[in-house]
**Student:** 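This structure is in structure tokens; I'll ask about it shortly.
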Amino acid sequence: MAMAEGDLMVRGGQVLQADGSLRSLDLEIRAGVIEACHEIPAAAWDGPVLEAHGLTVLPGVIDPQVHFRDPGLTHKEDLISASRACLRGGVTAFLEMPNTVPPTISAEALIAKLARAAAVSRVHYGFFFGACGDCSNLDALSNPGPVCGIKMFMGSGKGILDCGDIDGQERIFATGKALIAVHAEDQERLRQRSEMLLAQYPNPSERPPDLHSQVHDPEAAMLATQRAVLFSNRYGRRLHVLHLTTGAEAEWLRHNKTALISTEVTPQHLLLDSSAYGLIGSLAQMNPPLRTAADREMLWQALLDGVIDCIATDHAPHTLTEKAKPYPHSPSGMPGVETSLALMLTQVGLGRCSLAQVSNWMSLKPAELYGIERKGKLEPGWDGDLVLVDMNRSKPVLREEVVSRCGWSPFEGWELIGWPEATVVAGVVGYEKGQFNEACRGKALQFTN
């Protein structure tokens, strides 16, 4: 049989099965789709081969919340550097947020992003459509086009994307049918807390980095999450609560989450807490912020119990120069796509969770939540997006090896296992042992929600 693009044999790896077990199998991928999973004689295949002996083969990660800064903020990141970072981290698909310049609040801006991604993205891609705080694009929200959902900044939004007005929030929930993903913080409480706390430190150089977690307090998050759930129930609207950070929210959702509602957590909120400010300063600043060690443990329990559905990175890079500015001028956000899988697989090694759970949280569940078909399993008929990891080799996070344009990681120096040895996108090896295939290209994701 003649070979075509996207034909690949992945030979001899320990392949994750739907029941959570590992089996030594060969994966036969034809035209980007898995055709067979079995032991295949070498003589029966004369196409490209990716040797996986000694490695674990997992479905490619789908990161359902990233900020890749393209267009308009490409000194921090762009779709080329970001998608290369995805490959290094085992991420084969991403869903990107609308807070670029210009923001993704119109059909024209969405079309431009899709065209840019088609030309340069090394992995599969999808985009959120932004809700305007003044409700000026309500008509567009009724029919936003081929997007994964609507993004609403209930708090921490900037400019036209600031949806802090409560009446405006309700109008957005009442308009259209697409999934709404919310950054759940109450903007008015953030404003009041900021004025009060900054007044205590008139000299910017004396403001401690952890002031950010005091400004963005747990009550601001709880108020917004409860309001979003209220509107979801009132209008029968599919709701996704982004980057959950407090144990109180997790426990409230345990008793109030309906079939319409899902939520996520980031690796940094599972593995870091507010003590990180004392170690890495403003590099620990993000929105919503790092919380207490007790919050971190409650988030873990909610994830293990299924209250939290999936893991996302909220990859939001800034330059070190920007991060060094005094608070509140130091921007919030940190990179994450390169380290997320290895961080979670290291937790597998520590016995905190299982390999199957990590794959479910980072691959299958994001696909299910956003209606992305044929992704998240390694079975015949499913897409040939996968990652080969070494669960027996330990390697530190090194700043000089960071692929993201920002050039740093909050996890610098952490010793991790499960680093990707190779990442495959639709049957094409995009990354292998530190080398990138610059010809690798992803495709626009299709959403059935």
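These numbers were taken from a predicted model, which means no experiment stands behind them. Computed over heavy atoms, backbone and side chain alike; hydrogens, waters and symmetry mates excluded.
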**Student:** Apply side-chain contact (heavy atoms from CB on, under 4.5 Å) to F411 and L416, showing your working.
**Tutor:** CA-CA 10 Å; F411 298 102; L416 305 179; 5.7 Å; no

**Student:** Evaluate the side-chain proximity of L283 to Y277: yes if any heavy-atom separation is below 4.5 Å, no if none is.
**Tutor:**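 Result no, sub-4.5 Å side-chain heavy-atom pair not found.
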
**Student:** Please answer whether the main-chain N or O of T319 pairs with a side-chain N or O of E322 as donor and acceptor at a distance below 3.5 Å.
**Tutor:**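 Such a contact is found between E322 side chain and T319 backbone.
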
**Student:** Does one side chain, of S409 or E412, offer a donor that lies under 3.5 Å from an acceptor on the other?
**Tutor:**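 Result is no, nothing qualifies.
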
**Student:** Ignoring hydrogens and geometry, is there a side-chain-to-backbone donor-acceptor pair from Y431 to G434 under 3.5 Å?
**Tutor:**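 Side chain of Y431 to backbone of G434: a pair is present.
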
**Student:** Does the side chain of W252 come within less than 4.5 Å of K257's, by heavy atoms?
**Tutor:**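 A side-chain contact under 4.5 Å is absent here.
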
**Student:** Side-chain contact test, heavy atoms from C-beta onward, threshold under 4.5 Å: evaluate it for V182 versus L239 and give yes or no.
**Tutor:** yes

**Student:** Any donor-acceptor pair under 3.5 Å linking the side-chain atoms of K113 with those of T104?
**Tutor:**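 K113 and T104 do have a side-chain donor-acceptor pair below 3.5 Å.
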
**Student:** Would you check, one step at a time, whether the test side-chain contact (heavy atoms from CB on, under 4.5 Å) holds for T92 with V424?
**Tutor:** CA-CA 7 Å; T92 54; V424 176; over 6 Å; no

**Student:** Looking at R405 and E77, is any side-chain nitrogen of the basic one under 4.0 Å from a carboxylate oxygen of the acidic one?
**Tutor:**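 A salt bridge is absent here (no side-chain N lies under 4.0 Å from a carboxylate O).
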
**Student:** Do the ring planes of H315 and F68 sit parallel (below 30°), tilted (30 to 60°) or perpendicular (above 60°)?
**Tutor:**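 Perpendicular.
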
**Student:** Without hydrogens or angle criteria, can the side chains of D295 and T292 be said to hold a donor-acceptor pair below 3.5 Å?
**Tutor:**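 A donor-acceptor contact under 3.5 Å links the two side chains.
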
**Student:** Going by atom types only, do H124 and D385 share a side-chain donor-acceptor pair under 3.5 Å?
**Tutor:** yes

**Student:** Both conditions, 6.0 Å and 45 degrees, for the charged tip of R352 above the ring of W300: are they met here?
**Tutor:**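 Yes.
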
**Student:** Report yes or no: does S282 contribute a side-chain atom to a donor-acceptor pair with the main-chain N or O of K323 at less than 3.5 Å?
**Tutor:** yes

**Student:** Output the distance between atom CG (D63) and atom CZ (F94), rounded to the nearest 0.5 Å.
**Tutor:**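 Between atom CG of D63 and atom CZ of F94 there are 9.5 Å.
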
**Student:** Any side-chain to backbone donor/acceptor pair from S83 onto S121? Under 3.5 Å, distance only.
**Tutor:**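 Judged by distance alone, no pair lies under 3.5 Å.
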
**Student:** Is a side-chain donor or acceptor of W408 paired with a backbone partner of H318 at a separation under 3.5 angstrom?
**Tutor:**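 It does hold such a pair.
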
**Student:** Please answer whether the main-chain N or O of L364 pairs with a side-chain N or O of W361 as donor and acceptor at a distance below 3.5 Å.
**Tutor:** no

**Student:** Could you give me the CA-CA distance, side-chain angles and deciding distance for R291 and D273, then say whether salt bridge (charged side-chain N to carboxylate O under 4.0 Å, His left out) is met?
**Tutor:** CA-CA 5 Å; R291 306 293 186 185; D273 54 52; over 6 Å; no

**Student:** To the closest 0.5 Å, what do you measure between CG (N137) and CD1 (I160)?
**Tutor:**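 The CG atom of N137 sits 7.5 Å away from the CD1 atom of I160.
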
**Student:** Please round to the nearest 0.5 Å and tell me the distance separating atom NE2 of H216 and atom OG of S156.
**Tutor:** 4.5 Å

**Student:** Taking atom CD as the centre, does E415 end up with more than 12 heavy-atom neighbours from other residues, nucleotides or ligands that are less than 6.0 angstrom away?
**Tutor:** yes

**Student:** CG of D19: more than 12 outside heavy atoms within 6.0 angstrom?
**Tutor:**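 Above 12, so yes.
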
**Student:** Using side chain to side chain donor-acceptor pair (under 3.5 Å) as the criterion, list what pairs up with E264, not counting sequence neighbours.
**Tutor:**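 Expected list: Q65, H240.
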
**Student:** For R23, look at atom CZ and say whether over 12 heavy atoms of other residues, nucleotides or ligands are found less than 6.0 Å away.
**Tutor:**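 Atom CZ in R23 is not crowded, with 12 or fewer foreign heavy atoms closer than 6.0 Å.
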
**Student:** Could you walk me through whether L445 and K375 pass side-chain contact (heavy atoms from CB on, under 4.5 Å), step by step?
**Tutor:** CA-CA 10 Å; L445 296 170; K375 295 191 186 297; 3.5 Å; yes

**Student:** Is it the case that the side chain of N360 and the backbone of A356 share a donor-acceptor pair, with hydrogens and angles ignored and the cut-off at 3.5 Å?
**Tutor:**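 No; judged by distance alone, with no hydrogens or angles, the pair does not exist.
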
**Student:** Would you tell me whether Q285 and S330 have side-chain atoms, one donor and one acceptor, within less than 3.5 Å of each other?
**Tutor:** yes

**Student:** Crowded around E373 CD? As in, over 12 foreign heavy atoms under 6.0 Å?
**Tutor:** no

**Student:** Can you tell me how far the CZ atom of R69 sits from the CG atom of L79, to the nearest 0.5 Å?
**Tutor:** 12.5 Å

**Student:** Could E28 and R30 be called an ion pair, given the rule that one side-chain N must be under 4.0 Å from one carboxylate O?
**Tutor:** yes

**Student:** Going by atom types alone, do H183 and N287 pair a side-chain donor with an acceptor below 3.5 Å?
**Tutor:** no

**Student:** Distance-only, no hydrogens or angles: does the T346 side chain make a donor-acceptor pair with backbone N or O of I417 under 3.5 Å?
**Tutor:**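 Yes, the answer is positive, given that a donor and an acceptor are paired below the 3.5 Å cut-off.
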
**Student:** Distance from I308 atom CD1 to K365 atom NZ, nearest 0.5 Å?
**Tutor:**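 Those atoms lie 13.0 Å apart.
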
**Student:** Counting C-beta onward and ignoring hydrogens, is there a side-chain heavy-atom pair between S363 and E368 closer than 4.5 Å?
**Tutor:** no

**Student:** Just checking, any donor-acceptor pair under 3.5 angstrom between side chains of T448 and Y370?
**Tutor:** no

**Student:** Has E338 got a side-chain atom pairing as donor or acceptor with S404's backbone, closer than 3.5 angstrom?
**Tutor:** yes

**Student:** Is the Lys NZ or Arg CZ of R84 less than 6.0 Å from the centre of F436's six-membered ring, within 45° of the axis?
**Tutor:**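 Yes - R84 lies over the ring of F436, closer than 6.0 Å to its centre and within 45° of its axis.
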
**Student:** State plainly whether the residues R254 and D305 are in salt-bridge range, i.e. N to O under 4.0 Å.
**Tutor:**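 So R254 pairs with D305 through a salt bridge.
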
**Student:** Out of curiosity, L242 CG to I180 CD1, how far, rounded to the nearest 0.5 Å?
**Tutor:**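 Atom-to-atom, L242:CG and I180:CD1 are 11.5 Å apart.
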
**Student:** Do you know the tightest heavy-atom contact between L369 and S262?
**Tutor:**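 Minimum heavy-atom contact is CD2-CB, 3.7 Å.
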
**Student:** Any luck finding a side-chain donor-acceptor pair between R237 and S232 under 3.5 Å?
**Tutor:**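 No - no donor-acceptor pair under 3.5 Å links their side chains.
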
**Student:** How far apart are the C-alpha atoms of H269 and L244, what are their side-chain angles, what is the distance that settles it, and do they pass the side-chain contact (heavy atoms from CB on, under 4.5 Å) test?
**Tutor:** CA-CA 8 Å; H269 288 110; L244 206 68; over 6 Å; no

**Student:** Give a yes or no on whether E39 atom CD has more than 12 heavy-atom contacts from other residues, nucleotides or ligands under 6.0 Å away.
**Tutor:** no

**Student:** So does L260 get a backbone contact from the side chain of R238, meaning a donor-acceptor N/O pair under 3.5 Å?
**Tutor:**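 Looks like yes, one N/O pair under 3.5 Å.
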
**Student:** Has K395 got more than 12 heavy atoms of other residues, nucleotides or ligands less than 6.0 Å from its NZ?
**Tutor:**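 Yes, the 6.0 Å shell around NZ holds more than 12 heavy atoms from other groups.
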
**Student:** For residues W419 and L341, determine if any side-chain heavy atom of one lies less than 4.5 Å from a side-chain heavy atom of the other.
**Tutor:**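 The answer is no; the side chains never approach within 4.5 Å.
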
**Student:** Could you verify whether a donor N or O on one side chain and an acceptor N or O on the other, from D314 and T266, lie under 3.5 Å apart?
**Tutor:** no

**Student:** Given side chains that start at C-beta, do those of I261 and T263 come closer than 4.5 Å, heavy atoms only?
**Tutor:**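 I261 does not reach T263 side chain to side chain.
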
